[in-house]
Amino acid sequence: MQKTLLLVDGSSYLYRAFHALPDMRNADNEPTGALYGILNMLRRLRLDYPAAYIACVFDAKGKTFRDDMYAEYKATRASMPEDLVKQITPIHAAVRAMGWPILMVEGVEADDVIGTLTVQAVAHGMTAVVSTGDKDLAQLVNQHVTLINTMNNEKLDPPGVVAKFGVPPERIVDYLTLIGDTVDNIPGVSKVGPKTAVKWLAQYDTVDQVIANAANIGGAVGENLRKAVDWLPQAKALVTVKTDCDLSAHMGTFPESLIVLPQDNATLIDLYTRYNFKTWLRELGGSMAASAPAKNSGTSDLFDTSTTSHTNKVGVIGSVVTAVEDFVQSTLFPQAVTNYEAVTTEEQLDRWLEVIANAHITSVDTETTSLDPMSAQLVGISLSCEPGVAVYIPVAHRVQDDVQQLSRAFVLGKMRSWLEDPDKLKIGQNLKYDSHIFANQGVTLRGILHDTMLQSYVFESHRPHDMDSMALRHLGHQTITFQEVCGKGASQICFDEVEIARATEYAAEDADITLRLHHTMWPHIESDKKLRFIYEKIEVPTAVVLQKIERNGVLIDAGLLKTQSNEIGKHLLEIEQQAYTLAGQPFNLNSPKQLGEIFFEKLQLPIIKKTPSGAPSTDEEVLQKLAEDYPLPKILLDYRSLSKLKSTYTDKLPKMINGNTGRVHTNYAQAVAVTGRLSSNDPNLQNIPIRTAEGRRIREAFIAPENSLIVSADYSQIELRIMAHISGDENMLRAFADGIDIHRATGAEIFGVLAQDVSNEQRRYAKVINFGLIYGMSAFGLAGNLGIERAAAQMYIEKYFMRFSGVKMFMDNTRLQAKAQGYVETVFGRRLWLPEINSPNGPRRQGAERAAINAPMQGTAADLIKLSMIAVQGWLETEQLKSKMVMQVHDELVLEVPQEELALVRVKLPELMASVATLRVPLIAEVGVGKNWDEAH
DNA sequence: CGAATCCGTAACGTC
DNA sequence: GACGTTACGGATTCGA
């Protein structure tokens, strides 16, 4: 494994942390913001980038060689603020106590030290990760050196540098030379910014070449360039990071002296106490008791690279399979020794059955033949009850070595009572999937207490929740990936073809890691009342309900869809011919590229807007606009909508019908949407058309069996009601309390008329504005949607906020809260993180601000419908009804209801949905019944 | 070296 | 604002 050197540009973070964070102080009124920011950043870094060697580099006091070179260097920079100066000493102390070697070298800057160390790292065959907030260091990037900025989660490898700056890393010096650096008071070429610099470098490659061609560049900038010619070499020297500093006086041998040092907890506790960092303090106190048993006991084995105490014996059946982790990782993340074994005899199985029968909780994982939960066959089961110890029980491997294996029927027969026992507690990673696998074998998995995927989702919804990422993030452990075991692409093999020894390494690790992840994440959730509620009362029970819904499936009239496909197909052929005639040639109507050529080159239609890549756009909005003056765009609009219907729905859905059940079984992803919503795939049943009459016909194919009906109940105006609840806006609360049409009420306020006098046009405007608000839409977006001027849109927004001042306040507060703490919350306390809320990148930050507005509403709605699903399923089961939930579409539940239960369900269902929570506005669910989903609306 | 596969882009369906 | 899926078409890898 290639070693990594992690370097932190402490000086660049000093200022950034100081300015980015609010003015934090401890009880003695000492400033603590920069200290908190830096420590927080270092903690995160260590988790995200496990490294063998680390260093935190600060600028030393005094002049550097650049000051000697250029008297004006950094002349415009103000001296360090007093409040920051006060924090320097504790910062150094805390960083050191956390185990980071610190480097400060006189005469050069932190950048130069970092540059030098990256070069040394590469020379030693290592990779280097540089954490900095300073873009100048992009010049250090290469194949082995990556730049990361923890403030905005930006990661720069060579292509990243090209993407961000438009030039490769080796051209960054030239780039900086041309544009100069106002912060350091280094002039470049006057009036030359990033765009021009990139253009010139693309043409001439280097600054030297640009200078050589200075005579050929026209205009005012050309003149400025010629004026700067004599200066540029010096500018270049100033912006170039030194990579050959003599560090011998400041550190021992490279890289050994940059090893991760043991954490000095006593000092940290002192510092955390003094500066009042309670959470970290608690963590230090708690972690000693709660963390995994393998505590590293001092420095002796830490530095002993030659240790062979963790041997790596691979895959002999029935023997111990141990894995060695990088010894440094094990110091960062204790727990290295593993004991994995394959269970292949009845005696072994019996022994383990006894273990799990008496275990407090058992981690369970299945290996299968397919990712499709309804058709996958069980290949093996892995179990773990204590960190580091796990077994794999192969039951259906096809490998032909003379290895014995217990049969699936035998193992399931022995395990069934334990699997189905609700009192035998289980934990897994996405147990919904494993539940399906067991269900495929006729076994009902019960006793699901924990799911690490859901823990991660509740704990930090914006991060990846797959096990490999989580293991790396929380445990610093690189898991064996499925791809490593089974390959990829055409040569991928099925898991039942994997040799049992290899399968054991992989599968047992999964069960082990799941349990260890639980030990890492659960304390964070358990100790937090809100998160705990979301996890225990919403997510875990929802997973159980979802599994049932998925298994129920929904009945589809394949014949009807095929008829529709044929009709649409004929229609498409006609449209195609018309398009060819109008275009004067045949072309692929499905290709935006070919279409663009026909439109904007051959027919010379005006270009309305461009796609992000610079090509002329042909999206719906553009076609609408062009259709006012030309015939072909209209034809294409028709083609597009029909072709979408056919390919995505009428052709696809019949293919998705399960051969055994005759139904379509979607998969609901519970930990994908950062807002807390579900998403649906294979097939996606949450985007079945409804807006157009043609699209709606597809819903006619969603049917109920003989003597049953489709019943659909959806929350009315759920998100606006939530906005009224959260904001407490009086006008809005009153409108909902009085049960008036909310868009009409909004129109009345905006246009200053009585509700009954609101025209249809006014109501339409109000409706668009309401939706815009829910989505945190800008004046620009609103203007686009209404087809009006931006200024006019702005006026409506101002008018709205004047009448609904509570809403305005809610939005301002939400934005502030998001910026201050990095997340917003739903009514129930679900935490929605916004990593880019303080991004220096304008569009990204604004995107995050819009998301901050939208997230509490969308997320609360998601919480409510999940509570509904749990309540409805609970009711169906206690009443032992035959009715079943078959779909969830964000604010709607769809049930399949036998005739005899109809009267009951159509009353009780909306009642249950309306009563899952009491808000400051009434919750209303509207119910519909029909032979098919379309009729049920 | 052609075929298969991967990947990013554009577009569009829902709430 | 949040998603997932389709088709295209260029780039890359596969496999003979």
Residue among A:V886, A:N658, A:I657 satisfying side chain to side chain contact (heavy atoms under 4.5 Å, CB included) with A:V664: A:I657
At under 4.0 Å between heavy atoms, what does A:R850 touch on the DNA or RNA strands: base, sugar-phosphate, or nothing? sugar-phosphate
Using a strict 4.0 Å threshold on nitrogen-to-oxygen distance, state whether A:D863 and A:K866 make a salt bridge. no
Would one find a side-chain N or O of A:S680 under 4.0 angstrom from OP1 or OP2 of C:dG4? no
Nearest to the A:D619 side chain among C:dT5, B:dC12, C:dG4, which nucleotide is it? B:dC12
Just grab all the ring pair (Phe, Tyr, Trp, His ring centres under 6.0 Å) pairs involving residues 678-700 of chain A, residues at least two apart or on different chains. none
With a non-hydrogen cut-off below 4.0 angstrom, is A:I718 in contact with a base, only sugar-phosphate, or nothing? nothing
Please determine which of A:H665, A:M374, A:H436 meets the side chain to side chain contact (heavy atoms under 4.5 Å, CB included) test together with A:E550. A:H436
Verify the distance criterion only: is there a donor paired with an acceptor across the side chains of A:H462 and A:E836 at less than 3.5 Å? no
On the nucleotide C:dG10, are OP1 or OP2 found under 4.0 Å from the side-chain N or O atoms that A:K593 carries? yes
Measuring from the side chain of A:T611 (C-beta onward, heavy atoms only), which nucleotide among C:dT5, B:dA11, B:dT14 has the closest atom? B:dA11
As a test of reading the structure: which of C:dG4, C:dA2, B:dA11 is closest to the side chain of A:V674, going by heavy atoms? C:dA2
Name the nucleic acid region contacted by A:I853, choosing base, sugar-phosphate or nothing; use a 4.0 angstrom heavy-atom cut-off, strictly under. nothing
Classify A:E892 by what it touches in the nucleic acid, base, sugar-phosphate, or nothing, heavy-atom distance under 4.0 Å. nothing
Send over the distance from A:Q686 CD to B:dT14 C1', rounded to a whole Å. 8 Å
Begin with the C-alpha distance, continue with both residues' side-chain angles, and end with the deciding distance and a verdict on side-chain hydrogen bond (donor to acceptor under 3.5 Å, both in side chains) for A:H465 and A:Q670. CA-CA 10 Å; A:H465 312 297; A:Q670 204 181 342; over 6 Å; no
Does A:Q594 reach a base, just sugar-phosphate, or nothing at all? Heavy atoms under 4.0 Å. sugar-phosphate
Could you check which residues of residues 634-654 of chain A get a heavy atom under 4.0 Å from DNA chain C? Sort them by number, please. A:K644, A:S647, A:T648, A:K652
Electrostatic pair A:D451:A:K432 at N-O distance under 4.0 angstrom: no
Tell me whether the OP1 or OP2 atom of B:dC12 has a side-chain N or O from A:N687 closer than 4.0 Å. no
Let's see if you can work this out: which of C:dG1, B:dA11, C:dC3 has an atom nearest to the side-chain heavy atoms of A:A851? C:dG1
Distance test, side-chain N/O of A:R677 to OP1/OP2 of B:dC15, below 4.0 Å: no
